[in-house]
Structure formats: structure tokens, C-alpha cells
Amino acid sequence: MRGDSRPVQCCVARMTKYNASIQSTLRQNLLDWFDSHQREMPWRSEKSLYRVWVSEIMLQQTQVVTVIPYFERFLERFPDVESLAEADEATVLTFWEGLGYYRRARLLHQAAKTIVSDFGGQFPKSFDAVLGLPGIGRYTAGAILSIADNQPLPILEGNTIRVHARLAGVTGDVQKSGTQKSLWSLATSVVDPERPGDLNQALMELGSEVCTPKKPQCGSCPVHGVCNAFQTKRQLELPYSSKKIRLTPINESVILIQRRGKFLLRQCLDGERWAGLWDFPRFQTDEDGLHSDLEAMVHASTGLSVEIRDTGWSTRHGVTRFKIHLRCWVAEKVQGRLRKTQENIQWVDRHKFEDFPMSVTGRKVATELDSLITSQALFP
DNA sequence: AATTCGGGGCC
DNA sequence: GGCCCAGAATT
């Protein structure tokens, strides 16, 4: 197929499966490499469907080094499906705090309940049943069953998209469905019949440790001999994506409202950012972090009448896709009483903040509260 | 097919 | 400051 006089790009762009020879080389070399180079991970040393499931959910859009401490704590508190299913959602969220994409935790919790009610507490082994669980898509179902039950199923995610695009010279826009189809086809053709889980992990491990986005270590790559991108020196051009990440600037303020030593927290509603987590009342402000009628905003959101006392402290926190300009105001005097509202709001002693799963910015404010409220800037 | 959802690692 | 990360659900 390759090696004739036609441009390489033309031929390989249409190659959507590895031929038998390349399949064999990929499997052999990658499994050998994986046996000697794989990193230690807590879900590898002790393997079960439950542990691999939890790890795969945590690993969605999240790097291994970030996940490991969360995984350890989570498994200590929720060692099996039953303990997870029985827990309150708020408790589950507490152990997810700081990891991001909190819907993952809520769906994980829902799925645990489903497994108890519909599968007798045993994580299912049928691909369709697993795919039907909330929070589990094509990648995660294949990953769990191949890794924890050695089922010959393909996977495709960030790392392996890059690996396959380079190995096979896939030049199409990776966002396009046609390109995705080609990549899934490549992934399917390389599935190892003997050790599918190890080969899948080897592909991902290669993508994160060797076949990296910026500085791929092709010299130490076990499969550079069959890599189209390496042969044509296009490692840095593949995979191609036309999509550019854009940031949306956000200016928001949180307001510290205290009464009798307690502070007002509200639980973020479904549909808004940090759904289910707790936060200080938060409002949109202008570019300078100011709002023309902050007291009215507080009243509108919480049903409380407040008197804004000072505006002495500010900090910034950058979040991917958002930039939050965070300012805090302290309202010392609250005239109104707590009213019944749609919002789930609560007066919380500052020493009890740790009992609430919080947004990262909310946690930051909570952690620095002591220095904030004793600051001379706030109480001149 | 495009958006949304977080936070951190890494250059 | 930008890009990327063991993606899924929603619109």
C-alpha cells in the first residue's frame, strides 16, 4: 500500500485500519514496553471492576497525578458499590471537592444506586449494560471491561487519538465525525486478543509519557518504526484540530454575610456552575468588580436585607474557560430575617465550613476567612 | 455538530 | 497565557 510514487499523505489519510503486519508489531512492542515501563497506580496494583470504574470516572479529562490522591481517599471512604450507593450525595461531593466536573460524582453516585437496585450490587459485565449506566460512554465502558475483565474492546480518548493519528498519519480534523470514525476503526483493529486491557493501557501510557503533544520522545518510542508521522516528520502537526479554545471572561463577586458569628452559604442549583456544591452568595459585577446596587442584588437572591460595609479585599482565581475576578464584601449588619426561598441557604459557623462540599473559590475564601475578617482594610 | 462542565499540569 | 488532560450529557 505504501511506498509507491503517490504522495504519502494521500495514501495514509485513507488508511483506517492497521494491516496485519503493523498490528502484530504494535501489540508485541507495546506490550513489552508496557511490562517494563508502566507507572504504578492504585487501581492497577489491586484490580476490580469497582476500582477501575471509579478510577475511569475520575480520569475523565483529568490527569493521573491529579487523580491518585482523590482515588485513595475516595476508596477508603467508599470501598465498594454498596457503601457508595448508601451515601448522601453531599458526602460524595465532599470527597470530589476540588476535582472538578462535579456532574461526574453525581452520575457516579446515581450509577451506584442503579447497580444495587438492578444488578444486585455487582458491577455488570455486559458492554451494553455498562454503557447504559449514567456517566459512562463508549470510551469508559470499553476501558473498564477491557482493563478489569480483559474483554477485547477498543478505547479512544485524548492520548490514543494522538497516538493513532500519528501512527497512521490521520490528517483530518479530529473533531469531525468522519475522523472520529477512522480513529475508532484504527483502535478496533489493534485490540489485542490476549491482553486487551494491557494493550489499551499501553496505548494511553505511551500517549501520556512518550507520544506527548509538544515534545514527543520518538527516540525512545517502542513503535516509531511503524509510525507514519515519525517517518514523515509530522509529529508536531498531528493530530490536527481546527477548534481553538476560547476563554470567556467573567467578573463575579462573592459576598460575606455574617450574623451572630455565622456566615451565609448557598447551595449551587442544578444547571449552574458547581451544581450541588456550596458557595458564598455570588453575583455578576462589572469589569472593576463593582456593582451599582449590590445590596439590592443580595436582597434579590437571598431574601435578606444587608448593609454593605466595606470593599477592602480582592483576589483573583483563574479557571480554564473562565476568568473569575473575585472580590469579597463583608456585610456586618443584617437587618432582615432568614426567609423561605427557592435557594438552599444556610447560616454556617466558620469552623463548620469543612462539612460542606465547596467550590474552589468558595473554599479559598473560607480558608482565608480569619485573616479577611480581622483585616484592618475591612474594619478600619 | 457545538456547548457545557472545573481544575490543574506544563511549557 | 495557551494548550492539554484515560469524556459524557445536553442542546
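Heavy atoms only: backbone and side chains are in, while hydrogens, waters and symmetry mates are out. Chain A is the first sequence line, chain B the second, and so forth, proteins listed ahead of strands; every chain is numbered from 1.
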Sugar-phosphate only, base, or nothing, as touched by Gly98(A) at under 4.0 Å among non-hydrogen atoms: sugar-phosphate
Whole-angstrom distance between dA8(C) and dG9(B), as gauged at atom C1': 22 Å
Nearest listed nucleotide, side chain of Arg273(A), among dG6(B), dA6(C), dC4(C): dG6(B)
Short side-chain N/O contact from Gln61(A) to OP1 or OP2 of dG7(C), under 4.0 Å: yes
Crowding at CD, Gln122(A) (>12 non-hydrogen neighbours, <6.0 Å): no
Distance between P atoms of dG8(B) and dA9(C) (Å, rounded): 24 Å
P-based separation of dT3(B) from dA6(C) [nearest Å]: 24 Å
Residue mapping more 5' on DNA chain B - nearest nucleotide basis, Met358(A) or Lys176(A): Lys176(A)
Tyr70(A) OH to dG8(B) C1', straight-line distance once rounded to whole Å: 9 Å
Rounded distance (Å) that lies between atom P of dT4(B) and atom CZ of Arg106(A): 19 Å
Sugar-phosphate, base or nothing in reach of Ser177(A), heavy atoms under 4.0 Å: sugar-phosphate
Nucleotide dC4(C), atom P - distance to CG of Leu238(A) in whole Å: 13 Å
Test item: Gln346(A) side-chain N/O and Leu265(A) main-chain N/O as donor-acceptor pair under 3.5 Å: no
Nearest-angstrom distance from the residue atom CD1 of Ile136(A) to P of dA6(C): 19 Å
Geometric class of the Phe230(A)/His224(A) ring pair [parallel <30°, tilted 30-60°, perpendicular >60°]: perpendicular
Shortest side-chain distance from Gln60(A), nucleotide among dA8(C), dG6(B), dC5(C): dA8(C)
Centroid-centroid distance, Phe353(A) to Phe280(A), less than 6.0 Å: yes
Within residues 154-166 of chain A, residues whose heavy atoms come under 4.0 Å of DNA chain C: Glu157(A), Gly158(A), Asn159(A), Arg162(A)
Cation-pi geometry met for Arg77(A) and Phe74(A) (6.0 Å, 45°): no
Pairwise 5' ranking along DNA chain B for Lys214(A) and Tyr102(A), keeping only the more 5' one: Tyr102(A)
Sugar-phosphate, base or nothing in reach of Ser55(A), heavy atoms under 4.0 Å: nothing
Sugar-phosphate only, base, or nothing, as touched by Thr62(A) at under 4.0 Å among non-hydrogen atoms: base
Residue-phosphate contact under 4.0 Å: Trp274(A) side-chain N/O, dG7(B) OP1/OP2: yes
Whole angstrom value for the distance that separates P of dA8(C) from CG of Leu59(A): 12 Å
Residue Leu107(A), side-chain atoms from C-beta onward, closest of dA6(C), dA9(C), dG7(C): dA9(C)
Spacing of Met58(A) atom CE relative to dG8(B) atom P, expressed in whole Å: 15 Å
Between dG7(B) (P) and Arg104(A) (CZ): distance, integer Å: 11 Å
Between P of dG7(B) and NZ of Lys364(A), the distance in whole Å: 13 Å
Nearest-neighbour nucleotide for the Arg103(A) side chain, dC4(C), dA6(C), dT10(C) considered: dT10(C)
Donor-acceptor under 3.5 Å (Tyr101(A) side chain, Met58(A) main chain): no
Cation-aromatic face contact Arg282(A)/Trp274(A), 6.0 Å, 45 degrees: no
DNA chain C: 5'-proximal contact among Arg39(A) and Pro134(A) (nearest heavy atom): Arg39(A)
Presence of donor-acceptor pair under 3.5 Å, side chain of Ser359(A) and base of dG6(B): no
Evaluation steps, salt bridge (charged side-chain N to carboxylate O under 4.0 Å, His left out), between Asp279(A) and Arg273(A): CA-CA 11 Å; Asp279(A) 195 13; Arg273(A) 190 158 40 104; over 6 Å; no
Side-chain donor/acceptor of Trp43(A) to backbone N/O of Lys47(A), under 3.5 Å: no
Nucleotide nearest Lys243(A) (side chain, heavy atoms from C-beta), chosen from dG6(B), dT3(B), dG9(B): dT3(B)
